[in-house]
Novice: 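Before anything else, here's the structure in question.
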Amino acid sequence: MPVQLLKIVNGKPETPLPSHLQKEDLKHLQEGFGHTNKYFQGIVILYYPLTKLSDGRDFFKLVLQDMNNSCSRTDSINILIYGKMAEDCARVVRHGDTFVVAGFKLAKSPTVGEDGRHGCHLEVSEEAGSAIYSVAPKYAYTSLNHLKDGTIVNLYGVVKFFKPPYVSKGTDYCSVVTLVDPSNVKLTCTLFSGNLDSLPKIYKVGDIVRFHRIKIREYNGQMQGITSVGFASLTFDGTVGAPVVPRTSSKVYTFMDEEQKTVEELRVWAASNLSISGPAAKLSGVQPMLFFDLTCQLVGKAKVDGSSFLLKVWDGTKCPYPTWKVPVEARDLEGEKILLHQLRNLTVDVLVYDNHVQLAKSLKIGSFLRIYSIHTKQASAVDEDVSHIEFHLHGGTCYGRGIGVLPESNPDVKELKAFLESVELADSQNMESMSSVELDGTFNNVTVLTDHQDLNNTELKTILNSMAPQQYRIRAKLRTYKPQKLYQSIKLHCSKCKSLQEVPDGDGFDFILQGSAITAPNAELQNTSWYDSVMWTTQDEKQRKIVIHFVKHDEMLQQPEDTLLMIEGGTLKEVWKLTKIFKCVIPVRSTEDDLELLDLSAPFLLQGNIKYYGCKQCSTPKPIKSLSSIAAEQRPSWEPTEIAQVLGIELLQYVFIMKFTLIDGTGALNAYLFDYEKFFQIPASEILSNNFLQQKMQMTMNTLCPPGRKLDDLPWLECFIKSYNVRDGMKHQVYYQIFDTTVAEDVV
DNA sequence: GATTAGGCTTCG
């Protein structure tokens, strides 16, 4: 009989022990007494590794302590377990468990002189008709709003976010899991384990987990969960009505009606309180420039180079765009050659990078995967007329980017398997032509709406042969555009000196912040008539001093969402976090007389996701106290333009700069797009920090210039262009610019 | 029981 699990409710086992058994105290365990119908119950205080005896039988020794009077060593007794029972016991035993031992043989302990324990030991084995019960402890679960720093707790939660286990920079796998529960409090847990199996098997947002023995710590002002010794987890599908079957690596766990009820309640709560995304994207539904989770089967894999690795996968559907094929040496490609060939029109190449390579290498051909936050990117090779779609799993683990292996028992895998089996391989050969027919039917009559409907269309040939400047309405096709990487189209423009510059990256800002943190805050510049200041020192070895100055209005602090604050000594992350809470953040440093702005390579102001920059050439920064004039206004709106003005900053504007190559059969010309917001109806300032808007912009471009389309099949579009002269010394050239044009709503 | 990471997309 294997080790059985008993649950004690109100001091009595829920499933009773056999009725003939009676509890025996330690002091009554003596040679010469009959113990046939007696059991002994104690707490596991020590156990030894499972060993084999000379006769080949397994042997396991553990020490139980009498719970009633547990202070001296003589209150503990050695339990010797033989045969299969030894193995069973070794597998489930944990320090602190309560064990019940029945049907034992009592014998004189030969080690009493060394260990000072009870004079006898108990011998048990299956053959002797013994039984061992592990008494399930009564677990208490803490709701997420009652977590306290430094405690070790048990809890339930619904997965709101997760990173599938990945190889950490240390020795373990790491998985980050954010939970919520009906208290509406979030808890982000960082889970480590050297054993992939002992991390929770979470497959999607909405899954429900039960964590045992998770340590709670405070980190950055928030509670954080972290694995502690004995951490164990159960994971459940979060779908209401689905069978309540725990996914776990634990050999033994408590799971009874009470727990089942908790899971079902959490499912119901999550169904109406948590947004769980709809059905997962299929290859047939991909759009360029999207991040999505792909559930698929691995058909082939190959090494590419040190930092990237190729996975060939399919999900039975056909991607509507031409997809890229990553060139690899045939001998490096692992997988069934025949299948790879048969599925060549249905598989897509996914290139995984950096930290994902190690995991990707270990994947087994044929296994079912969920690739999280895979990126579809539109690109065109130099020698290609039409662009194609690339699938990337970029480095890093942001947004849960990673690879998870799904078991065959997973409902999504079952569904996928059934679908894959139904795909007639022969059909896929015909599908190529089919999808292009479908495409042609769907969007061929794209137009771009223009403001001046009174103008007639002019042929491009006529425009090219005319003097500048003039304005035209044209009907043309977008042959190609630059930059193809749309994020590169965003620049900063100074309306005063007309200069254009690249948007600085975060690293530069970080560097400037680090540099400014060296300047010690000047105590005299704290707590003035128009702002309140708070200063503290970080706990780490750097002992960094951070000061936040909250600007007041009418001598009162405002609501966070209306508040402008200035920060000294903050890191990039801290600044970023503050922008989530407060309306405006201005990084500053102390001088002798006033606070001052940092180098203008850094944003002088952050509002929400937007970083505002000043022109280095045209700005003459004024002392920070100039801001007090805005603070004194009736209702300070904290407009970036106004803040820039009082601080003597020439505000740089975010613009889209693109080059459109237009054709209409009579000629071709390049027209520039210089636009703040009108063309795409997306503010250029927001595009870099808003992935949704980036996708929207990419989709607009895909409609205007569909990837993978031949010249004849490109849609017509109408827009306004104006010609203008540019003279550079002796050189004279005519340029064209798109103006007063907005992409029609129904196009986007 | 030290470390890992400590969610908030790459840009190949």
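Computed from a predicted structure; not experimentally measured.
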Novice: Which is true for Ile226(A) with a 4.0 Å heavy-atom rule: it touches a base, it touches only sugar-phosphate, or it touches nothing?
Specialist: base
Novice: Of the residues in residues 299-307 of chain A, which ones touch DNA chain B at a heavy-atom distance under 4.0 Å?
Specialist: Ser307(A)
Novice: Taking only residues two or more places apart in sequence, or in another chain, which ones meet Asp172(A) in a salt bridge (charged side-chain N to carboxylate O under 4.0 Å, His left out)?
Specialist: none
Novice: For Gly395(A), which contact category applies under a 4.0 Å heavy-atom criterion: base, sugar-phosphate, or nothing?
Specialist: base
Novice: Counting the atoms with a prime plus P, OP1 and OP2 as sugar-phosphate, which does Thr190(A) contact under 4.0 Å by heavy atoms, base, sugar-phosphate, or nothing?
Specialist: base
Novice: What residues in residues 163-183 of chain A put a non-hydrogen atom under 4.0 Å from any atom of DNA chain B?
Specialist: Lys163(A), Tyr166(A), Ser168(A), Lys169(A), Gly170(A), Thr171(A), Asp172(A), Cys174(A), Val176(A), Thr178(A)
Novice: Show me the pairs that pass ring-ring contact (aromatic ring centres under 6.0 Å, His included) and involve residues 154-194 of chain A, at least two apart or across chains.
Specialist: Tyr141(A)-Tyr156(A), Phe162(A)-Tyr372(A)
Novice: Looking only at the side chain of Tyr487(A) (C-beta and beyond, no hydrogens), which of the listed nucleotides dG7(B), dC11(B), dT10(B) gets closest?
Specialist: dC11(B)
Novice: Can you tell me which nucleotide in dG7(B), dA5(B), dT9(B) comes closest to the side chain of Arg217(A)?
Specialist: dA5(B)
Novice: How far does the P atom of dA5(B) sit from the matching atom of dG1(B), given to the nearest Å?
Specialist: 22 Å
Novice: Is a donor on one side and an acceptor on the other found under 3.5 Å between the side chain of Arg267(A) and the backbone of Asp237(A)?
Specialist: yes
Novice: Could I get the full list of salt bridge (charged side-chain N to carboxylate O under 4.0 Å, His left out) partners for Glu574(A), not counting sequence neighbours?
Specialist: Arg544(A)
Novice: Just N and O in the side chain of Lys485(A): are any of them under 4.0 Å from OP1 or OP2 of dG12(B)?
Specialist: yes
Novice: What residues form a salt bridge (charged side-chain N to carboxylate O under 4.0 Å, His left out) with Glu561(A), not counting sequence neighbours?
Specialist: none
Novice: Students often get this wrong, so: under 4.0 angstrom with heavy atoms, is Lys580(A) touching a base, only sugar-phosphate, or nothing?
Specialist: nothing
Novice: Can you list the residues that meet the side-chain contact (heavy atoms from CB on, under 4.5 Å) rule with Asn195(A), with sequence neighbours excluded?
Specialist: Ser193(A), Asp197(A), Ser198(A)
Novice: Send over the distance from Phe391(A) CZ to dC11(B) P, rounded to a whole Å.
Specialist: 18 Å
Novice: Test of understanding: with side-chain contact (heavy atoms from CB on, under 4.5 Å), list the residues that count as partners of Asp412(A), not counting sequence neighbours.
Specialist: Lys204(A), Arg370(A), Asn410(A)
Novice: Once you apply a heavy-atom cut-off of 4.0 Å, does Asn220(A) come out as touching a base, just sugar-phosphate, or nothing?
Specialist: nothing
Novice: Run the salt bridge (charged side-chain N to carboxylate O under 4.0 Å, His left out) test against Lys163(A) and tell me which residues pass, sequence neighbours left out.
Specialist: none
Novice: Is the backbone of Thr188(A) close enough, under 3.5 Å, to the side chain of Gln224(A) for a donor and an acceptor to pair up by distance?
Specialist: no
Novice: Measure CG/Leu572(A) against P/dC8(B) and give the value in whole Å, please.
Specialist: 11 Å
